[in-house]
Amino acid sequence: MLLGTVIDGANVGWGGAAADARVADRETVQRMAEGDPEALALVYDRHIRSVFGLAMRIMQDQGHAEDVVQEVFSQAWAQATRYDATRGSVAAWLLTMARTQAIDKLRSQRAKPDSAPLPRENAVVDLPDPAVGAEHHVLTAESATQLRAALTELPVPQRIAIELAYFEGLTQTQIAGRLEQPLGTVKTRIRTGLLKLREALQP
Amino acid sequence: MNDPRHEPFNGLASLYAAGALSDAERTSFETHLEVCRECVAEARALMPVTHALVYAAPPLDAPPALRARVLQQITGTVPTSPIRAGAATSLDEPMRPPEEPAVSSTDTESTPRGPGALFWLAASLVIAAAGGGGWYVAELDRQIVELQEELATTAAQTELMQLQAAVARAASAERDAVLAIVTGPDAQQINLVGQPLAPRAEARAVWNETSDMVFLASGLPPLPAGDVYQLWFVLPDAPVSAALLDPDPDGSATLIVEIPDAVALPATMAITVEPAGGVPAPTGDVYLLGQPAD
């Protein structure tokens with residue numbers, strides 16, 4: 001957390017005139033959509049630590065993580081008019097873009113001449129089917145604590161399979177190869193792991 | 001399931017949610033989604049879980065220079081953000097030295113029952129992480145960018161190096177200012193204890209005679225949208241609002257709270273849950289409560 005946001009929180013509370021951080025975030029993105037550079041700076045200052053943390057988690061390299069940050073905020077600036085608050089918080093929006101950018105980068109680094117070209121967008125991020133997409137934003141930052149706890153509670157093989165998919169962008173086949181396990185085992189581990197996480201995250 | 005069309009896609013919804021399908025597999029599965037309620041239901045159930053995984057990575061400090069680079073490239077300008085400008089009142093004297101140590105009546109108990117060593121380690125890490133983020137550093141960063149634009153002259157290069165050194169010093173001074181409050185010999189503190197609604201929560205308010213108050217909380221349970229944590233000085237007449245808390249995803253929050261003149265410390269402090277935006281007088285349940293040590 002930046003000291004700036006710390007102070008902001010204190011001022012807001014003390015003045016009694018206050019805005020919930022999410023409302024403030026939404027308004028700031030609205031200002032970004034109107035081309036206000038200060039709004040971009042504000043969003044950067046509020047969320048850079050989460051975005052950079054996720055980028056580092058995936059890229060494992062500071063230079064590449066910084067590139068991801070650059071791309072995320074460029075994309076946020078360009079797409080601010082399309083940000084839809086009903087689909088999730090600004091934090092979730094930025095983090096989802098960061099994950100997509102980072103995985104794309106990772107996959108193209110990994111791409112060998114004999115492998116097929118990689119998709120630009122990842123399935124996890126944008127579900128084309130509205131029927132599936134309706135509840136995207138159900139879990140938000142509030143769940144992060146339980147999520148981290150639940151992840152560490154998972155049996156290690158399940159956690160590793162999920163992390164290889166989600167944070168390293170490996171496909172089921174690549175995961176099976178990496179872990180030297182049959183495809184069916186990988187499938188089961190990911191499915192069981194996700195179901196356990198879901199259970200742990202239920203209110 | 002009865003639908004033979006589903007058979008080849010059995011179990012793929014979880015891989016789809018986890019992003020573990022190849023391009024071809026994904027395309028084919030998405031086509032299948034249009035006709036398979038079962039797969040839609042499973043994907044629907046699991047997508048929120050994988051969406052939440054973006055929060056699994058711990059936040060990290062980005063290099064300070066990255067801010068100027070990113071903002072400059074996108075908008076052609078590097079504003080000092082309003083957040084930072086608003087912070088000026090508390091941080092424009094980052095190097096104010098602590099007063100002479102005084103014998104403190106409500107000094108830290110030598111064997112605190114509240115937050116343990118791990119809590120303090122975490123708190124100091126939060127503070128250390130906050131160090132580089134102050135408005136003053138941002139302002140210097142901005143000047144650096146300006147100078148970099150005129151780097152043609154040797155004079156500018158020299159000035160640039162001096163500024164960069166100043167940034168390092170300022171970041172360190174801000175961190176020191178907060179740590180001075182927290183670790184100062186005359187620091188006084190109140191421990192707040194989680195109430196039945198938040199049994200794992202704990203918090204500590206630390207201040208000294210001349211400083212603002214540093215408030216550290218951890219273990220705050222997530223709140224439903226529309227609710228917010230509000231911190232109070234509970235005075236004999238009426239509670240006075242101290243701040244709203246916006247905890248990190250892990251339930252921790254660090255605040256610097258200005259102590260109003262009307263508040264004589266030590267005082268009882270409490271955290272309640274209130275409607276977003278806060279309220280002038282507490283209305284909600286008490287989640288944490290702390291009374292001055294005798």
Side-chain angles (χ1 to χ4, degrees), chain A residues 1-4 6-14 18 20-21 37-38 40-42 45 48-50 52-54 56-57 66 69-70 73-74 77 95-96 99 119 122-124 128-129 131-132 135-136 138-139 141-145 147-148 151 162 165-166 171-172 187 190-191 194 197-198, chain B residues 11 14-23 26 30 33 40 43-44 46 48-62 66-67 70-71 74-75 77 79 81-84 86-87 90 130 133-134 222 228 241 243-244 246 248-251 254-258 276-278 280:
Chain A
M1 180 195 315
L2 293 172
L3 204 53
V6 167
I7 302 293
D8 186 46
N11 283 349
V12 162
W14 183 242
D20 171 68
E38 278 192 5
L40 180 68
L42 205 53
D45 292 337
I48 179 60
R49 295 194 70 237
S50 311
F52 187 68
L54 179 61
M56 279 294 288
R57 170 71 181 81
E66 290 182 19
V69 167
Q70 174 81 52
F73 286 96
S74 297
W77 179 250
L95 288 171
T96 305
R99 194 259 172 189
N122 188 283
V124 172
D129 184 344
V132 180
E135 291 179 355
H136 270 199
V138 170
L139 295 183
E142 286 83 19
S143 308
T145 310
L147 179 86
R148 287 190 200 142
L151 256 183
I162 289 172
Y166 198 75
T171 66
Q172 54 170 343
K187 217 187 267 190
I190 289 180
R191 181 159 190 274
L194 288 181
L197 285 181
R198 178 177 158 76
Chain B
S14 53
L15 297 176
Y16 178 72
L21 294 183
S22 72
D23 199 20
R26 181 173 62 92
E30 283 173 352
L33 274 180
V40 168
R44 246 181 118 126
L46 294 179
V49 179
T50 50
H51 271 261
L53 285 172
V54 292
Y55 295 105
L60 276 182
D61 273 340
L66 182 60
R67 181 182 192 270
V70 168
L71 298 179
I74 298 173
T75 63
T77 170
S81 92
I83 281 186
R84 287 153 192 267
S90 301
V228 67
S241 172
L244 298 186
D246 180 17
D248 281 348
D250 65 358
T254 308
L255 295 178
I256 295 186
V257 180
E258 189 183 333

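Residue numbering restarts at 1 for every chain, and letters A, B, ... go by the order of the sequence lines.
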- Query: Roughly how far apart are B:L46 CG and A:L197 CG, rounded to 0.5 Å?
  - Reply: 9.5 Å
- Answer yes or no: is there a side-chain heavy-atom contact under 4.5 Å between B:I74 and A:Q70? yes
- Note on the structure: Turns out that what part of B:P280 lies under 4.5 Å from chain A's heavy atoms comes down to neither
- Message: Is there a side chain to side chain contact (heavy atoms under 4.5 Å, CB included) between A:I48 and B:R67? Walk through the geometry before answering.
- Response: CA-CA 9 Å; A:I48 179 60; B:R67 181 182 192 270; over 6 Å; no
- Item | Side-chain heavy atoms of A:E66 within contact of B:V70, under 4.5 Å | no
- Query: Given the rule in the side chain to side chain contact (heavy atoms under 4.5 Å, CB included) test, do A:R57 and B:L60 qualify, once you have shown the distances and angles that lead to the verdict?
  - Reply: CA-CA 10 Å; A:R57 170 71 181 81; B:L60 276 182; over 6 Å; no
- Message: Are B:L66 and A:V69 packed together at the side-chain level, in the sense that at least one heavy-atom pair is separated by less than 4.5 angstrom?
- Response: yes
- Applying ring-ring contact (aromatic ring centres under 6.0 Å, His included) to A:F73 and not counting sequence neighbours gives A:Y44
- Message: Donor-acceptor check, side chain of A:Y166 to backbone of B:T50, threshold 3.5 angstrom: yes or no?
- Response: yes
- Message: Using a 4.5 angstrom heavy-atom cutoff, name the option from B:T75, B:L71, B:V54 with the most pairs to chain A.
- Response: B:V54
- Message: Under the rule for side-chain contact (heavy atoms from CB on, under 4.5 Å), what residues qualify as partners of A:R191, not counting sequence neighbours?
- Response: A:L195, B:S14, B:E42
- Identify the heavy atoms of A:G53 and B:A57 that sit nearest to each other, and give their distance. O-CB, 3.9 Å
- Task: Please state whether the side chain, the backbone, both or neither of A:I162 comes within less than 4.5 Å of a heavy atom of chain B.
- Result: side chain
- Message: Could you report the tightest heavy-atom contact between A:A165 and B:A20, atom names first, then the distance?
- Response: CB-CB, 3.7 Å
- Message: If you define the side chain from C-beta out and look only at heavy atoms, does anything of A:L95 sit under 4.5 Å from B:Y55?
- Response: yes
- Task: With side chain to side chain contact (heavy atoms under 4.5 Å, CB included) as the test, would you mind laying out the steps for A:L151 and B:L53 before giving the verdict?
- Result: CA-CA 9 Å; A:L151 256 183; B:L53 285 172; 4.1 Å; yes
